[in-house]
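Right, one structure below, let's go through it.
Side chains are part of it too, since the values below use all heavy atoms of this structure and drop only hydrogens, waters and symmetry mates.
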Amino acid sequence: MAFSLLAPKPVGAVGQSGGVRSILGTIVRYTVLVIAAILFLLPYYLILRNGLSSEKDITSPDWTFFPSSIHWENITELFTDPSVPMAGAMLNSALIAVVQTFGQLLLGSMAGYGLARIPYKHANKIFYAVLVTLMIPSAVTFVPSFVLVSSLGWVSDLRGLIIPGLFSGFVAFLFRQFFLNFPIELEDAARVDGLSYWGTFWRIVFPNSLQFYAAIAVITFIAAWNSFLWPLVIGQDPSSWTVQVALSTFITAQTINLHEVFLGAAVSILPLVLVFLFLQRYLVEGVAQTGIKG
Amino acid sequence: MSGTQTTSAVPAAGSAGRASSASPRKRRVRGTTGAFWLFVGPFLLGLAIFIYVPIVWSLVLSFFRAQNTVVPDVFVGVKNYVDMLTDSAFLGSLWTFTLFGIFIVPTTYVIALGLAVLINRARFARAFFRSAIFIPAACSYVVGALVWKLSIFNGVRFGLANTLLGMFGIDPVAWLSGTGDFPWYWPVVVTARLWLQVGFYMILLLAGLQQIPNNLYEAAYVDGAKPGWQTFIHVTLPGLRTTSVAVLILLLINAYQAFDEFYNLLGNVPYARPPLVYLYYTALGAAQDYGHGSAGALILSLIIAIVTIFQARVLGFGKAD
């Protein structure tokens, strides 16, 4: 099914019999779609509009769709305001998301390959041990995980934010399923040529699985960038805030500078919008792959 | 079985990917046990430390008094569990979010399915509509809550919803305050969640729709099923069975685990407080009560597990189509 979503598949002759009813149906369908698209895109517009407006335009009792003027200088204001650690938060988020994506893919794909391809008498038991972790809702383990991380002294520390998130049973599971379907003839040929499992994996299997890696990477990156509960629990000192925690602090603050909050939100979603625009095919494929778990 | 081979293989792990150009000497790692642990070992070690140990620790803590300390203090037996199960705030949040799940699951499913069907049938601008509805799925729940709270459902006059209501001469609504006769916060949290999650499930259902073989539609047509509703009931819905079951189970699990948008929209309010927000304030708030927090987390896990299994049974998960 890889990338089948990308090629529009016409429904065919069935259900498209001509006539006035069909034309009417098309009009109704497109009307619904246009309204839905407007509603789904509107919040993005509001973020941009408010982020680049003056405070007066945002809070004006006579709300207008377009602000009276656009204030690009809000951007420099956001990053130079000492009371708002936005630049540092962006850096933390980027570091966490990149390292976790690489870590989860490296460790998860290796484990998945081992479980799928290397015969070992306890492999089944180990696979079940990995499966069990999928049944446990990750959000529910935050209390004990916090207890562990705080006893390691990793609170408000990048290690505490990153390391516990490097091991995803779900990523390992997905890679195992994927490698089970990898053409075994290729691997057998490599093994006959004298490559070890290690060599076979890195020289044959990995280079031929890059699309799958990309799909999982996009999903992992977005999840890591957007995660909130764990960074909120661990990132207690402002220097260890991620963008999400910084924005959350904004929202609940007593006095807020609305245009800064919205511009901060715009900046925080920018990397994801770029991922979305340029890597959408991998994103769609990743969602289709990971959907069973989410 | 292969102690020597294991040690010869392990150093390669340290130098990661580039080790693929390893010397010929390492080529014949025949010891499969060593190779297995080389691949699975690092991952399993992390899983043990950061998943299994916390779970066991939490089980231990839940039987102890542990306040302001992460070390079990005094053994109290099942007292923490009894306390949580008689705590009206905790029970209330479990009940509220069961109802929330019962509402949000079908709503999301129906809207996502409707949009998927429309997009699947669209003959032009299909990529645009798919992207427009999918793109909120890339937005964080924090940002979603931010826009909903500070712009759309801002309780003051300049909030977008209140501006619209004002056009009809209706007074501004204090959406999130919890005051007034009607729980106005529900439309806020429901629409926020719909905006954030519909696109994701729409993509899943769209993938499911495209896996239904075209000849099933043709056969239905030959059998006299009218295109439209009849075909949808007799071909499309059964064809989507596997995807639908996965989507419904996922949605309910996610509803029980709601945290991000509720924390940011409402904070620690007695109404519309999800179990996780309550546990967050129990364990990490002023009381730092890890004993009760752990007991509550385990109760919530158990409920999610039971509901998932029950739902999977009812919906027949795993049955071949």
Side-chain heavy-atom pair B/I51, A/F167 within 4.5 angstrom cut-off: no
Heavy-atom neighbours of A/Y30 OH exceed 12 at 6.0 Å: yes
Chain A contact via B/T163 - side chain, backbone, both or neither, heavy atoms under 4.5 Å: side chain
Pair A/L232-B/F259, side chain to side chain contact (heavy atoms under 4.5 Å, CB included): steps then yes or no: CA-CA 11 Å; A/L232 176 73; B/F259 180 84; 3.9 Å; yes
Considering all heavy atoms, the nearest A/M110-B/L38 contact: CE-O, 3.6 Å
Plane angle bin for A/F201 and B/F39 - parallel if under 30°, tilted between 30 and 60°, otherwise perpendicular: perpendicular
Closest-packed option against chain A by number of heavy-atom pairs under 4.5 Å, given B/L160, B/I253, B/I152, B/I119: B/L160
Side-chain heavy-atom pair A/N226, B/Y141 within 4.5 angstrom cut-off: no
Ring center gap for B/W195 and A/Y44 short of 6.0 angstrom: yes
Heavy-atom pairs under 4.5 Å with chain B, option from A/L148, A/V32, A/V233, A/L283 with the top count: A/L148
Rounded distance [0.5 Å steps], CZ in A/F40 versus CG in B/L115: 6.0 Å
Region of B/F129 in contact with chain A, defined by heavy-atom distances below 4.5 Å: side chain
Whether A/F142 and B/Y280 hold their rings parallel, tilted or perpendicular, with breakpoints at 30° and 60°: tilted
Best-contacting candidate, A/A36, A/S168, A/A223, A/S227, against chain B by heavy atom pairs under 4.5 angstrom: A/S168
